[in-house]
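Down below is the structure, laid out as structure tokens.
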Amino acid sequence: MPLPKKKTSKSKRNMRRSHDHIPVPNVIYCECGAANLPHSICPECGKYRGREYAKTADA
Ligand SMILES: [Zn+2]
């Protein structure tokens, strides 16, 4: 079995794990005031950049 020659130092281990965190997603606000992710239709009113793409059941 191949084995690493040296124990990974705390520094190298932490450098490797620097990309492991989950990034905080961007939040944009629709004209209706609801928060949603960029490049996606609004979950509240179904609009994207002022146009309606998906109708919600209660709207
Ligand atoms: Zn909306």
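Every number for a ligand or one of its atoms is a count from 1 in the order of the listing.
Counting non-hydrogen atoms of neighbouring residues, nucleotides and ligands closer than 6.0 angstrom, the CZ atom of Arg13 exceeds 12 such neighbours.
Distances from the Zn ion (ligand 1) under 2.8 Å pick out these protein N/O/S atoms: Cys30 SG, Cys32 SG, Cys42 SG, Cys45 SG.
With contacts defined as side-chain heavy-atom distances shorter than 4.5 Å, the pair Glu44/Asn36 does not qualify. Looking at heavy atoms from C-beta onward, Arg16 lies out of side-chain contact with Lys12 at the 4.5 angstrom threshold.
Between Asn26 and Leu37, the shortest heavy-atom contact is O-CD2, 3.4 Å. For the pair Pro43 and Ala35, the tightest heavy-atom approach, listed with the atom from each and the gap, is CG-O, 4.2 Å.
A distance of 7.5 Å separates NZ of Lys47 from SG of Cys30, quoted to the nearest 0.5 Å.
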